[in-house]
Protein chains: 2
Amino acid sequence: MFSKACEYGIRALTIIAKEGEKGQKVGIKDVCKLADTPESFTAKILQDLVRKGILNSQKGPSGGFYITKDLSEVALYDIVVAIDGPEVFRKCGLGLAECNAAKPCALHTKFEVVRNELNAMCQTSTLETLVEQLVLDIHN
Amino acid sequence: MFSKACEYGIRALTIIAKEGEKGQKVGIKDVCKLADTPESFTAKILQDLVRKGILNSQKGPSGGFYITKDLSEVALYDIVVAIDGPEVFRKCGLGLAECNAAKPCALHTKFEVVRNELNAMCQTSTLETLVEQLVLDIHN
DNA sequence: CAAATATAAGACAAATTTGTCTTTAATTAA
DNA sequence: TTAATTAAAGACAAATTTGTCTTATATTTG
């Protein structure tokens with residue numbers, strides 16, 4: 001569904017968001033330990049997200065990654081688009097370049113349902129809801 | 001969502017199923033022309049599906065690919081599993097090895113909805129329904 | 001300022017996916 | 001039986017994704 005890079009990115013951002021609620025910046029090592037993601041690869045993904053304005057970072061001692069935006073305003077949709085691009089939300093299920101209501105592929109109608117659910121999931125999930133779920137998980 | 005190999009395989013099978021209804025075997029060249037897929041790559045995918053019993057083939061003049069099963073009994077689910085494996089129907093949305101109701105990832109509940117829709121689409125689609133849609137497309 | 005710490009950047013490498021090409025084997029039809 | 005035709009098999013190659021490593025740059029703290 002999502003690329004590895006995207007999975008890692010989401011997991012890392014969720015960790016950073018959660019730790020950030022305690023008012024802390026998180027170093028790449030801690031992020032990756034908590035998110036269970038490969039360090040150098042994750043660093044590259046996060047650097048890209050910093051360039052794209054989803055995330056902030058600070059070099060030097062007591063530096064690390066942090067988020068200045070309101071967590072409720074960072075939609076999962078934005079994260080996925082930043083890492084994997086918008087194709088997953090648009091692509092034809094059978095990979096046809098042209099596939100729409102006027103010229104549908106054999107799977108068009110049914111696939112649209114799936115894609116709409118994916119879209120809904122990504123639009124209604126935010127770093128805030130993801131962190132909430134994380135906390136819930138620990139409490140259970 | 002699906003790999004390229006899987007997209008090509010589904011499209012090729014749909015073509016073979018459709019032509020098969022006319023009682024014809026279809027050569028790899030015709031399949032790929034009609035499905036708009038790369039020839040050698042598609043051939044390899046179809047050969048694999050033959051080995052897995054989804055499809056039949058015959059060598060020699062007037063040979064080609066054909067389907068002996070009832071089209072209504074070849075579910076899209078079976079095709080996807082044959083080509084991409086069952087992971088897409090099981091995998092955690094965030095790529096965690098362990099993710100279930102007892103130990104859910106931050107996206108678990110919402111992702112389950114998407115995965116269930118994907119599953120439903122693949123269980124309720126068969127080569128018969130896919131061919132129907134193809135025919136409909138041409139009529140519109 | 002100096003030393004330590006942490007991200008940034010980019011070269012490099014491994015693995016996987018996607019795709020091609022050549023040779024072989026089987027089948028048919030003349 | 002022979003020639004033509006078609007899939008089968010597998011080596012090979014390109015592209016993409018995933019991942020690592022080294023060096024540079026920025027920042028903080030003493």
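Protein chains get the first letters and strands the later ones, always in sequence-line order, with residue 1 at the start of each.
Within a 6.0 Å sphere centred on NZ of A:Lys52, heavy atoms belonging to other residues, nucleotides or ligands number more than 12.
Residues satisfying the side chain to side chain contact (heavy atoms under 4.5 Å, CB included) criterion with B:Lys33, sequence neighbours excluded, are absent altogether. The side chain to side chain contact (heavy atoms under 4.5 Å, CB included) search around A:Ala17 returns A:Ile67, A:Leu71, A:Leu127, A:Val131, not counting sequence neighbours.
For the pair A:Tyr66 OH and C:dA6 C1', the computed distance is 13 Å after rounding to whole Å. A straight line from CG of B:Asp48 to P of D:dA7 spans 16 Å, rounded to a whole angstrom. Taking atom CD of residue A:Gln47 and atom C1' of nucleotide C:dA11, one finds them 14 Å apart after rounding to whole Å. Here the P atom of nucleotide D:dG19 and the CG atom of A:Asp36 are 11 Å apart, to the nearest Å. Protein atom CZ of B:Phe65 is 9 Å distant from nucleotide atom C1' of D:dT6, rounded to whole Å. One interatomic measurement links the two molecules: NZ of A:Lys29 to C1' of C:dA4, which rounds to 12 Å at whole-angstrom precision. With rounding to whole Å, B:Ile45 atom CD1 is found 11 Å from C:dT17 atom C1'. When the P atom of C:dT17 is taken as reference, atom CZ of B:Phe2 falls 16 Å away, rounded to whole Å.
Looking at heavy-atom distances under 4.0 Å, B:Val31 makes no contact with the nucleic acid at all. Residue-level contact check: A:Ile28 touches the backbone only, with heavy atoms under 4.0 Å from sugar-phosphate atoms and none from bases.
With rounding to the nearest 0.5 angstrom, the CG atom of B:Asp84 is 11.5 Å from the CD1 atom of B:Ile79.
Within the structure, no pair that satisfies the ring pair (Phe, Tyr, Trp, His ring centres under 6.0 Å) test touches residues 95-123 of chain A, not counting sequence neighbours. Residue pairs meeting the ring pair (Phe, Tyr, Trp, His ring centres under 6.0 Å) criterion with at least one partner in residues 11-39 of chain B, sequence neighbours excluded, are absent. Sorted by first then second residue, the ring pair (Phe, Tyr, Trp, His ring centres under 6.0 Å) pairs that include residues 31-83 of chain A, not counting sequence neighbours, are A:Tyr8-A:Phe41, A:Tyr77-A:Phe89. Within the structure, every pair that satisfies the side-chain hydrogen bond (donor to acceptor under 3.5 Å, both in side chains) test and touches residues 67-76 of chain B, not counting sequence neighbours, is listed here: B:Asn56-B:Thr68, B:Asp70-B:Ser72.
Side-chain atoms of A:Leu34 and A:Glu19, non-hydrogen and from C-beta on, do get closer than 4.5 Å to each other. Counting heavy atoms from C-beta on, the side chains of A:Leu107 and B:Ile10 never come closer than 4.5 Å.
Within residues 3-14 of chain B, the residues that have a heavy atom under 4.0 Å from DNA chain C are, in order of number, B:Ser3, B:Lys4, B:Ala5, B:Tyr8.
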Throw together a table of side-chain donor-acceptor distances under 3.5 angstrom for residues 90-102 of chain A, partners on residues two or more places apart or in other chains.
from	atom 1	to	atom 2	distance (Å)
A:Lys91	NZ	B:Glu7	OE2	2.5
A:Asn100	OD1	A:Ala102	N	3.1
A:Asn100	OD1	A:Lys103	N	2.8

Under 3.5 Å, which donor-acceptor pairs do the side chains of residues 117-125 of chain A form with other protein atoms, sequence neighbours left out?
from	atom 1	to	atom 2	distance (Å)
A:Thr124	OG1	A:Ala120	O	2.9
A:Thr124	OG1	B:Lys110	NZ	3.0
A:Ser125	OG	A:Met121	O	2.8
A:Ser125	OG	B:Lys110	NZ	3.4

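When the options A:Ile54, A:Asp78, A:Leu49 are evaluated for a side-chain contact (heavy atoms from CB on, under 4.5 Å) with A:Ile83, the one that passes is A:Leu49.
Note on A:Arg51: every side-chain N or O is 4.0 Å or more away from OP1 and OP2 of C:dA8. Put simply, B:Ser57 has no side-chain N or O that comes within less than 4.0 Å of OP1 or OP2 on D:dT6.
A:Val31 approaches A:Ala12 most closely through the heavy-atom pair CG1-CB, 3.6 Å.
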Identify all pairs in which a protein N or O lies below 3.5 Å from an N or O of nucleotides 28-30 of chain C, and state each distance.
from	atom 1	to	atom 2	distance (Å)
C:dT28	OP1	B:Gln58	NE2	2.7

Polar atom pairs between nucleotides 20-23 of chain C and protein, under 3.5 Å, N or O only, would you list them?
from	atom 1	to	atom 2	distance (Å)
C:dT20	O4	B:Lys44	NZ	3.1

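In secondary-structure terms, DNA chain D builds stems of at least 3 consecutive Watson-Crick or G-U pairs, each pair having both distances under 3.5 Å, at C:1-30 with D:1-30.
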